[in-house]
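Below is one structure, written out as structure tokens; comments come after it.
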Amino acid sequence: MTERENRSERGPAYEPVAIERKWQERWGTEHVNAFSDDGLAAAPRPFYNLMMFPYPSAEGLHVGNIYAFTGADIYGRWMRLRGYDVFEPIGFDAFGIHSENFALKQGTHPLDLIPRNVANFTRQLRRTGAMYDWDHTVDTTDASYYRWTQWIFLQLFKAGLAERKEAPVNWCPSCMTVLANEQVIGGRCERCNTPVEQRTIAQWFFRISDYAQRLLDNLEWIDWSESTRKAQQNWIGRSEGAELRFPLDWTPPDEFWDSAFAGDTEEAEAIAALREELDENESRVDEITIDVFTTRPDTVFGATFMVLAPEHPLVPWITGDAQRAAIDEYRTQVGAMDLVARKKTDKEKSGVFTGTYAINPATDERIPVWIADYVLMEYGTGAIMAVPGHDERDFEFATKFALPIVRVVAASVEVANAPMAAAEPHEGVLVNSDRFDGIPADDAKAEIVAWLAERGMAETRVNYRLHDWCISRQRYWGPPIPVVYCDVCGIVPVPESELPVLLPRIENYQPNQSGVSPLARDESWYRVPCPQCDAEARRETDVSDTFLDSAWYFLRYPSANRDDVAFDAELTRKWLPVTMYIGGEEHSVLHLMYARFITMVLKDLHLVDFEEPFRTFRKHGLIIRDGAKMSKSRGNVVVPDDYIERWGADTFRTYLMFLGPYQEGGDFRDQGLMGPYGFLNRLWDTVLPVKELGGGPLEDAIEQKLHATIRKVGDAIGSLSYNTAIAAMMEYLNTVREGGRAANRAEVEPLIVLVAPFAPHIAEELWQHLGHDESLFRRASVRREPPSVGFEIAIDDGGARGLWPAYDADKATADIVEFVVQVNGKLRARMPMPRGIVEAEAREAALADENVRRFVDGKQIRKVVFVPDKLVNIVAS
RNA sequence: GCCGGGGUGGCGAAAUCGGUAGACGCAGCGGACUUAAAAUCCGCGGGGCUUCGGCCCAUGUGGGUUCGAAUCCCACCCCCGGCACCA
């Protein structure tokens with residue numbers, strides 16, 4: 001029989017593309033996403049299923065996107081089948097350097113390019129078969145969206161959490177803009193990999209570091225993927241220690257006080273405060289101190305010199321005349337380094353003596369003050385006490401410049417003065433530390449801090465690695481920061497009523513090295529009257545970081561169609577925080593941190609009533625191709641359109657989920673598609689001959705397998721083990737088809753529902769074939785009288801009921817179980833036994849086995865281990 | 001260096017409150033159907049030995065705990081991701 005003849009008996013072949021078109025249209029026209037006539041506002045069982053909205057590139061949707069979205073969509077569809085009102089929106093994160101660079105390369109204006117990309121993405125997204133709510137989408141570049149991004153900025157500004165300050169920032173010479181710390185990876189621009197330079201420019205910062213502790217504390221309880229939580233913990237980088245003060249042994253020149261410490265760095269502020277204090281107390285000026293942060297205050301007796309970061313503001317004032325030329329040269333040299341060179345850990349230590357000494361507050365000894373590039377201005381106080389005996393870097397430095405090295409921690413006091421060949425970072429007891437000798441180093445930390453604190457020379461302190469978020473970008477393609485500079489009034493926020501500050505269309509939007517934004521070229525745009533005094537003023541010409549756009553988009557979705565508020569209070573109460581968020585881990589310290597921060601701020605401003613935006617977050621893995629990372633240069637990029645056109649979205653989706661554990665990712669191999677494709681074909685061929693009234697009762701063995709499969713698939717989807725869920729369905733279908741037998745309706749009808757989250761189109765089609773005239777997903781989500789189906793429907797803990805089949809735990813287990821018989825832990829026989837068999841009987845049956853006897857005979861039975869319904873282990877010797 | 005994750009057949013992977021290692025699938029081999037091929041269906045499939053009953057070995061390496069270890073403990077090796085002159 002030829003395939004054609006064969007087919008004519010079994011019915012039409014599976015034609016995925018036609019079926020998928022049909023159902024994608026029907027889902028649209030039948031409003032499958034409508035929970036009720038009142039839509040979002042009235043949904044009784046809200047479940048906010050979020051995925052990370054894509055950046056709409058010109059290349060189109062990447063498999064990585066589809067992998068991420070499909071995994072999230074399966075979860076959403078599953079929840080919907082279980083009777084929840086699943087809100088699953090999608091949008092476009094279309095501002096930012098990436099889009100702008102591409103536009104520049106193409107010579108197409110982003111205002112023209114982005115709508116095209118969005119249209120193409122929309123087409124592709126629809127084709128993947130995800131159940132997006134197309135009535136609630138966002139596009140961050142739309143003025144109706146960024147108006148509210150600007151509004152968020154203003155809320156932070158009013159709360160004192162947005163501030164403009166001059167500070168050393170990361171400058172990418174290729175992108176020609178500043179970057180947030182989070183956008184610098186190993187000293188390089190995360191976008192273009194160019195080594196980042198340091199520049200001092202006035203920028204807008206959000207005070208995220210004020211929230212460091214809260215951001216850290218909440219990580220203890222939020223339900224997030226472990227690795228993502230750890231990444232955030234590392235990024236926040238809390239360390240506990242102390243701040244110690246080292247008085248300078250130095251008389252400041254007169255100009256010290258009249259100097260240019262008018263900058264707004266913390267150090268200058270501290271000096272100003274100190275001056276005031278000294279004036280009040282008529283104290284001696286040499287009580288000026290260098291403050292250091294240390295996690296090892298117990299080693300203070302070993303601090304034999306100090307090191308300041310070359311940029312430290314005290315440096316010019318404490319530099320001796322003899323050292324000035326060398327110091328200036330070194331500072332210039334370090335200032336010219338890019339971050340990759342500066343932060344290199346394996347280069348030889350360098351540094352210069354300032355000519356000034358400080359007093360070690362523990363030993364009262366004079367110790368020299370140096371500058372060196374291994375001390376970083378941005379961490380701690382930008383100054384350290386160097387303890388060469390117990391810090392590798394200090395040891396190296398001391399060795400190179402012949403500075404004294406003292407051991408202050410040792411295994412015991414007896415070995416206190418053995419020669420030191422290297423820094424000894426290990427724990428022990430204090431030595432060469434005067435009255436603290438013999439105390440375990442760990443205990444000494446608190447004691448020494450307390451002792452120094454009596455003299456005002458120390459206090460305990462925690463320090464964070466997290467820095468304020470620099471949000472200014474000297475680029476064109478972003479929301480203008482809504483601020484006006486007035487000579488009279490200073491910094492004036494744009495009144496909320498005047499939002500949005502529209503991004504003007506300018507043709508020459510190329511960035512340049514000047515540090516000045518392209519918008520500064522459009523005088524007609526930036527010249528405005530001051531909103532307060534009407535004097536001539538000037539708009540801020542920087543735009544905000546794209547990550548600000550995405551730090552609040554999840555709040556916008558439910559209210560996407562509202563033009564009077566950023567997010568409606570009622571809708572927000574109903575739908576947020578997000579119930580389930582699935583996305584890539586690459587955003588652990590960028591998007592996911594910023595979104596948490598913005599939400600906390602909004603909570604503090606009483607604009608939302610929760611402070612963690614995502615109840616549950618799960619990361620998904622990465623897809624590689626044929627064992628290697630996908631890249632254009634390697635030529636191994638999967639173009640989703642081609643695969644979907646050829647095999648259908650259902651096969652593509654199912655394969656992506658089958659190729660490996662979802663949370664770990666996997667290797668895309670074209671051959672692999674054949675597995676899921678064959679599965680869907682066999683499903684089709686099995687269900688098609690089943691007529692509406694056909695079939696009879698379930699055979700026992702199949703009924704058992706069915707119940708076990710329902711349980712397994714539900715458990716697996718719940719834990720995102722999609723690959724094993726699919727394997728379980730394949731196994732079940734194999735059982736149903738065993739020996740070429742024809743299936744009956746009761747066997748396949750529930751299977752169609754199990755398959756539906758993965759392959760929704762074929763499921764709909766087969767569902768319809770079985771005589772149901774309404775969409776499976778619509779039927780599951782719109783609560784009316786129970787649908788007439790030939791299986792029990794599961795009722796969720798929360799009372800939700802959709803179409804997901806229930807299983808009977810008793811029926812899911814076979815009546816005859818295969819027992820394993822071991823002798824001394826080694827497998828010697830397998831035998832079927834009735835479920836629930838008691839130990840004595842199992843033991844008797846086991847000992848009756850010939851092979852078991854071979855290993856037991858002639859030996860003494862010491863013990864018999866019995867695991868109900870599983871095994872008997874006879875211990876004999 | 002620190003923090004995560006991982007190492008199981010030719011390949012992707014299952015199985016981790018300790019209890020049949022390799023489910024499911026890909027590729028492969030054998031068979032049915034066919035003039036033939038494709039498609040489809042059936043069967044085989046870690047390695048070694050075998051008197052065909054079975055036996056021995058096997059989950060990165062080396063130890064340990066246990067009646068029993070891929071799973072737990074100790075030491076180590078390798079791979080992937082993140083952080084890193086962070087004091």
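First the proteins, then the strands, lettered A, B, ... as listed; each starts at 1.
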Are the ring centres of [X] and [Y] closer than 6.0 Å?
X       : Y       : answer
F668(A) : Y655(A) : yes
W370(A) : F401(A) : yes
Y67(A)  : F652(A) : no
F305(A) : F397(A) : yes

Tell me whether the OP1 or OP2 atom of [N] has a side-chain N or O from [X] closer than 4.0 Å.
X       : N      : answer
R393(A) : A87(B) : no
R828(A) : C55(B) : yes
R229(A) : C3(B)  : no

When you measure from the side chain of [X], which nucleotide among [options] comes out closest?
X       : options                : value
K870(A) : C24(B), G19(B), C55(B) : G19(B)
K230(A) : C86(B), C24(B), C3(B)  : C3(B)
T295(A) : G25(B), A87(B), C56(B) : A87(B)
I384(A) : A87(B), C24(B), C41(B) : A87(B)
V820(A) : C56(B), A87(B), U20(B) : U20(B)
Y379(A) : A84(B), C41(B), A87(B) : A87(B)
A231(A) : G82(B), C85(B), C83(B) : G82(B)
R669(A) : C85(B), G19(B), C11(B) : C11(B)
L871(A) : G19(B), C86(B), G54(B) : G19(B)

Query raised in the report: Base of G53(B) relative to its sugar, syn (within 90° of 0) or anti?
Result: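 Because its glycosidic torsion lies within 90° of 0, G53(B) adopts the syn conformation.
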Query raised in the report: Under a 90° cut-off about 0 for the syn range, is G64(B) syn or anti?
Result: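 Chi for G64(B) falls in the anti range.
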Which part of the nucleic acid, if any, lies within reach of [X] when heavy atoms closer than 4.0 Å are counted: base, sugar-phosphate only, or nothing?
X       : answer
N734(A) : sugar-phosphate
F679(A) : nothing
Y464(A) : nothing
K343(A) : base
L376(A) : base
R737(A) : sugar-phosphate
N851(A) : sugar-phosphate
E392(A) : nothing
I185(A) : sugar-phosphate

Between protein and nucleotides 64-69 of chain B, what N or O pairs are separated by less than 3.5 Å?
{"unit_1": "C67(B)", "atom_1": "O2", "unit_2": "N873(A)", "atom_2": "ND2", "d": "2.2"}

Requested in this report: Can you spot which of K347(A), K349(A), Q333(A) makes a side-chain hydrogen bond (donor to acceptor under 3.5 Å, both in side chains) with D373(A)?
Outcome: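 Output: one option passes, namely K347(A).
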Query raised in the report: Salt-bridged, K859(A) to D857(A), with N to O below 4.0 Å?
Result: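 A salt bridge is absent here (no side-chain N lies under 4.0 Å from a carboxylate O).
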Query raised in the report: Cationic tip of R596(A) within the cone over W235(A)'s six-membered ring, i.e. under 6.0 Å and within 45° of the normal?
Result: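 Judged by the rule, R596(A) and W235(A) form no cation-pi pair.
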Requested in this report: Between R854(A) and G672(A), just flag the one whose closest nucleotide in RNA chain B comes earlier from the 5' side.
Outcome: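 Here G672(A) is the residue nearer the 5' end.
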Report task. Return the 5'-most residue of the pair E850(A), R830(A) with respect to RNA chain B, ranking by each residue's nearest nucleotide. Result ->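 Counting from the 5' end, the first nearest nucleotide belongs to R830(A).
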Requested in this report: Using a 4.5 Å cut-off on heavy atoms from C-beta on, say whether the side chain of H587(A) contacts that of F547(A).
Outcome: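 Yes, close enough: below the 4.5 Å cut-off.
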Requested in this report: Using a 4.5 Å cut-off on heavy atoms from C-beta on, say whether the side chain of N873(A) contacts that of L871(A).
Outcome: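 L871(A) reaches N873(A) side chain to side chain.
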Rounded to the Å, how far apart are [X] [atom1] and [N] [atom2]?
X       : N      : atom1 : atom2 : result
E240(A) : C86(B) : CD    : C1'   : 15 Å
R342(A) : A84(B) : CZ    : P     : 14 Å
E182(A) : G82(B) : CD    : P     : 15 Å
M377(A) : C86(B) : CE    : C1'   : 14 Å
I623(A) : C80(B) : CD1   : P     : 19 Å

Go ahead and name the base partner of [N]; Watson-Crick or wobble counts if both distances stay under 3.5 Å, otherwise write none.
N      : value
U8(B)  : none
G43(B) : C29(B)
G81(B) : C3(B)

Query raised in the report: Using 30° and 60° as the class limits, which term best fits the ring planes of Y722(A) and F758(A): parallel, tilted or perpendicular?
Result: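 Rings of Y722(A) and F758(A): perpendicular, over 60°.
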Requested in this report: Return yes if the base of C85(B) and the side-chain atoms of K344(A) contain a donor-acceptor N/O pair under 3.5 Å, otherwise no.
Outcome: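 Absent.
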Write out a two-atom table: protein N or O, nucleotide N or O from nucleotides 14-16 of chain B, distance below 3.5 Å.
{"unit_1": "A14(B)", "atom_1": "OP1", "unit_2": "N723(A)", "atom_2": "ND2", "d": "2.9"}

